[in-house]
Amino acid sequence: YFYAKSKKEIVVSKIVYLHGSGRKTIMHTKNGQTEFYRKLSDCAEEKCFSSFLDIHKSFLVNPAYIERVEGKYINGIGFMDDIQRPNFII
């Protein structure tokens, strides 16, 4: 479980990806999104996100939601569109 600032309990396996923007992180789930003030790099250090893939300096992706990887793009359930993955190595 992960607790956002709102003290809302979120099951980590339901998180599709995290998107960092400065000091803010946006957590995307299948049911919507939650925004909170915490750097993505700080989230990445949390044990509960250890299985997430650091595919870009602004994205941590739950591998359970990845459908396919093609070249420089990663497609998955709930992803905005395609996310470029310069740091992801197959």
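All values below were derived from every heavy atom in this structure, side-chain atoms included, with hydrogens, water molecules and symmetry-related copies excluded.
- Leu40 is linked by a side chain to side chain contact (heavy atoms under 4.5 Å, CB included) to Leu18, Thr25, Leu60, counting only residues two or more places apart in sequence or in another chain.
- Residue Cys48 comes nearest to Val12 through the heavy atom pair O-CG1, 3.4 Å, listed as atom of the first residue, atom of the second, then distance.
- Scanning all heavy atoms of the two residues, the minimum distance from Ile15 to Met27 falls at CD1-SD, 3.5 Å.
- Taking each heavy atom of Ser13 and Tyr65 in turn, the nearest pair found is O-OH, 2.8 Å.
- Residues in residues 18-27 take part in these salt bridge (Lys or Arg N to Asp or Glu O under 4.0 Å) pairs, two or more places apart or across chains: Lys24-Glu35.
- Interatomic distance, OH of Tyr17 versus CD1 of Ile66, reported as 13.0 Å (0.5 Å rounding).
- In terms of heavy atoms, Val61 sits closest to Ile55 at CG2-CD1, 3.4 Å.
- Looking at Glu46 and Arg38, a side-chain N of the basic residue comes within less than 4.0 Å of a carboxylate O on the acidic one, giving a salt bridge.
- Taking the six-membered ring where tryptophan is involved, the planes of His28 and His19 are tilted, since the angle between them lies from 30° to 60°.
- Phe36 contributes atom CZ, which lies 9.5 Å from atom CD1 of Ile26 (distance to the nearest 0.5 angstrom).
- Shown here are the side chain to side chain contact (heavy atoms under 4.5 Å, CB included) partners of Ser21, two or more places apart in sequence or in another chain: there are none.
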